[in-house]
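Worksheet: one structure, shown below.
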Amino acid sequence: MRYGFRLRDILYTLRFRLVLWTTLVVFVMVVATNVAVREVEQHALIHSYDQFLMDSMEDVNLMVARLESRPAARLARELSDKVKANKNRSLFIQLYDSDRKLIWGNDDAPPLPPPIFEGDFKGPFDGDEKKHRVFERKLFPPSGDVYIARCGFLQSELLEDVAVLNRAILLASISILLAAPLGAYLIAMRATRPISQIIATTAHLQPSNLNERLPIRGTGDELDQLSATINSMLDRLARHIDQNRDFVANAAHELRSPLAAIRSSVEVALNRSRSPEEYAAVLADVTEEIGRLGGLVNRLLILAEGDAGRLAGRNQVTRLDKIVRESVDMFGAVAELQGVQLTAAELTSAMVPGDEFHLRQVVRNLIDNAIKYNRNPGSVTVRLSTDKSSAILTVEDTGVGIDRDVEPRIFERFYRADKARSRETDCAGYGLGLSICQSIVRALDGEISVTSQPGVGSTFTVRLPLAFQPVADHAPPVHA
């Protein structure tokens, strides 16, 4: 049972299939090639024998043409010498008069019937229970007489040469077909060795340790491309796992702080009897901490929905310019208290796919950060424009800017760039605002980016696909 299972495993391997298909291809090619070679060589062999007969006939014709100037005995001697010179090919020559009576023939000539002449003829010709190949022709010497000459040889000579050719081709075919599986196996083994390494490496990978990578042989072939692709995937997985690990650790830390505050407040309140006013103060503190805890949980849920791909809301359409206008009006008082002038310089009507709640979070997070990390006095300018396919939202501030070494990390979860964008007052937050903006924008097939210059300010740009063609909005700028 184990043997049968092992045999089935081998039959289903890529290596076995490569060997099988390579052998079949070689077999078909060898058979087709050898059949073609056999036909060509056999045709060439027969042609060479026929050419030999025609050349012999030309010699006989020359001998007969000189018959008047020489005795007939000399002709017979020349014909005999011709036959002896080609004894290895079993050549025989017969000469007939116009009445088809034999005038001369060599002693080894087969007892063939007289020619029935109707033109040149090449055998095979049956006679004396043997196959012969003959060539006959009428000769017209200057004497005016008419002769019929016959040149031929045993067909068995030609058939033997053809048989030798067939045996040679068959032997070569068998040798190639026996060597084909071995060669195919070596090729398949060499071709599948990198795949075996890929399987062995990936089999040892664990989520807790993704440091091992596949070797790159430097050939640049498809297997090298596969290894490079898998290595790139492993790099992304490792980064994703590290980010999730950090995310869980940071989330646990952020959740622990309000829970610890709630617990300590309740324990202090329960240590002794207190007045209703003191209990009310404790409950107010607990409610505040619960509010903070609820806000953090909501943010974490949004990020979790984004990771699960349930954040898109592409089946809804929202008017983005309306959200921007409302957000600018809402943050007007906050900006004024911070000494920041908040302005909506341009608002083009834009309908974009997405949930209104999530899009409002994107706009408000960006405006809130622009005010929070600004100077006094300072300014925040919000613009909404469109092109052929996208709505473009920009939030530009005159704050302290972002250092270049910090800029690539500002969209990371729980990352706070307070050192790069510091204020005299502490800016409280979880470091999730920009991460949430990025998750929402990417879920809507959009892009979010930042350009910043330390000491000058930062500009955040969001591009979202349009749901409909934009309509020009000529409303005056909004100043808050």
Euclidean distance, Phe331 CZ relative to Ile367 CD1, rounded to 0.5 Å: 6.5 Å
Atom pair CD/OG of Gln225 and Ser232 - distance to nearest 0.5 Å: 13.0 Å
Salt-bridge present (Arg133, Asp50; N to O < 4.0 Å): yes
For the student: nearest non-hydrogen atoms of Ile371 and Ala335, plus distance: CD1-CB, 3.8 Å
Expected output: side-chain Arg383 to main-chain Val395 donor-acceptor under 3.5 Å: no
Polar side chain donor-acceptor pair, Thr348 to Asp321, under 3.5 angstrom: no
Residue pair Val134, Leu53: steps toward the side-chain contact (heavy atoms from CB on, under 4.5 Å) verdict: CA-CA 8 Å; Val134 299; Leu53 290 180; 5.9 Å; no
Leu393 side chain near Phe460 side chain, heavy-atom distance below 4.5 Å: no
Name of the residue among Thr398, Leu342, Asn374 meeting side chain to side chain contact (heavy atoms under 4.5 Å, CB included) with Ser379: Thr398
Among Val25, Val30, Val31, the one residue meeting side chain to side chain contact (heavy atoms under 4.5 Å, CB included) with Phe27: Val31
Backbone of Gly354 reached by a side-chain donor or acceptor of Thr318 within 3.5 Å: yes
Atom pair CG (Asp445) and CZ (Arg463), whose distance is rounded to the nearest 0.5 Å: 13.5 Å
Within-4.5 Å side-chain heavy-atom neighbours: Pro465 and Pro353: yes
Sidechain-backbone polar pair: Thr287 side chain, Leu283 backbone, donor-acceptor under 3.5 Å: yes
Min side-chain heavy-atom separation Glu396-Thr394 under 4.5 Å: no
Any side-chain heavy-atom pair of Glu39 and His43 under 4.5 Å: no
Atom of Leu466, atom of Ser390 and distance for their closest heavy-atom approach: CG-C, 3.6 Å
Spacing of SG belonging to Cys437 relative to NE2 belonging to His358, to within rounding of 0.5 Å: 11.5 Å
Test: Lys372 and Asp368 ion pair at under 4.0 Å: yes
Nearest atoms (heavy-atom pairs only) where Arg360 meets Ile323: CA-CG2, 3.7 Å
Nearest-0.5 Å distance, CG of residue Leu444 to CD of residue Gln316: 10.0 Å
Over 12 foreign heavy atoms within 6.0 Å of CZ, Phe52: yes
Donor-acceptor contact present, side-chain Ser452 to main-chain Ile402, <3.5 Å: yes
Heavy-atom check, side chain of Val382 versus side chain of Thr343, under 4.5 Å: no
Nearest atoms (heavy-atom pairs only) where Glu41 meets Leu165: CB-CD2, 3.4 Å
Carboxylate-amine/guanidinium proximity below 4.0 Å for Arg375 and Asp397: no
Chi angles and distances behind the side-chain contact (heavy atoms from CB on, under 4.5 Å) call for Asp387, Ser389: CA-CA 6 Å; Asp387 57 17; Ser389 60; 4.1 Å; yes
Heavy-atom side-chain contact between Val450 and Thr459 under 4.5 Å: no
Within-4.5 Å side-chain heavy-atom neighbours: Leu384 and Ile392: no
Under 3.5 Å: donor-acceptor pair, side chain of Ser327, backbone of Arg364: no
Sub-4.5 Å side-chain heavy-atom contact between Arg325 and Lys322: no
Nearest heavy atoms of Thr386 and Ala391, plus distance in Å: CG2-CA, 4.2 Å
For Leu366 against Ile448, the heavy-atom pair lying closest together: CD2-CD1, 4.4 Å
Neighbour count >12 (heavy atoms, 6.0 Å) for atom CD, Glu447: no
Leu347 vs Val324, side-chain contact (heavy atoms from CB on, under 4.5 Å): CA-CA, chis, key distance, verdict: CA-CA 8 Å; Leu347 289 180; Val324 174; 3.5 Å; yes
